[in-house]
Amino acid sequence: MTATESRSGLSLPHYPLPADVHPPHLFPDYRSTVSRSPSQPPLALRQELTEVTGPLLGQERVVPLDSDLTQQHDYEPIGQRIIVSGQVLDSDGRAVPDTLIEIWQANAAGRYRHEVDRWPAPLDANFSGLGRTMTDSEGRYRFTTIKPGAYPWSNHYNAWRPAHIHFSLFGRAFVQRLVTQMYFPDDPLFLYDPIKNSIPDPEGRERLVSSFSLEQTEADWALAFSWDIVLRGRDATPFESEVDAK
Ligand SMILES: [Fe+2]
């Protein structure tokens, strides 16, 4: 761990990412990385007071309905109701409490409620696909949602993304934000997905796949998937180098 000092004299810890755990900026099979990956080495920028101190979205801005994506409209959305839960851990296996987790996902038909998503799958008036919650004192989180569908994308002919949920985690400041994706077990599209396959370590790829959790299911109500997120170290959950809309 190194510290980055700001002009204010405050400093943020900086944690270098192991190169063989996280995906590279450039992965030609993932076509858009060719045009957006940097051609020059990164420059370290001095951080201002704004980046170092926040503002952070804390508990006071998060309400219980934010973590139940099936209750945010007049009626329930179409789809398989699921519970997604887990724990956020640091490199020593310690729980990370009070951290904001945001998720976004496609609906059961595989379509996002977003203006650039125009493929001919139905929108669901009762599903926005956005959720957020804070981890509790043991670093645990829990969302209720519906299982997202697979969707086509323009990376190559007949390209389909495996079903997934996007996750964003905030640390102590905006500059520590981490973004990744959670997958569902045994998806036949894994083999053909260059985003998942851009992660160099096969074990790292598997760390993005949730597990079916019978003990977290609710009888006559919802299936459940469990997924822990490790922020740093050799067992880290692979994170994206920048936010990706896919
Ligand atoms: Fe996506």
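Note that the coordinates shown come from a computational prediction; the quantities given were computed from them, not determined experimentally. Every number for a ligand or one of its atoms is a count from 1 in the order of the listing.
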Of the backbone and side-chain N, O or S atoms of Q181, does one lie nearer to the Fe ion (ligand 1) than 2.8 Å? no
Regarding Y112, does it place an N, O or S atom less than 2.8 Å from the Fe ion (ligand 1)? yes
Please confirm whether the backbone N or O of Y183 pairs with a side-chain atom of S210, one donor and one acceptor, at under 3.5 Å? yes
Parallel under 30°, tilted from 30 to 60°, perpendicular over 60°: which one fits the rings of F167 and Y141? perpendicular
Between Y112 and H164, what is the ring plane arrangement, given parallel below 30°, perpendicular above 60°, and tilted in between? tilted
Opening angle at the Fe ion (ligand 1) [NE2, H164; OH, Y151; to 10 degrees]: 90°
Test L69 against every option in N107, T145, T144, N126 by the side-chain contact (heavy atoms from CB on, under 4.5 Å) rule and name the one that passes. T145
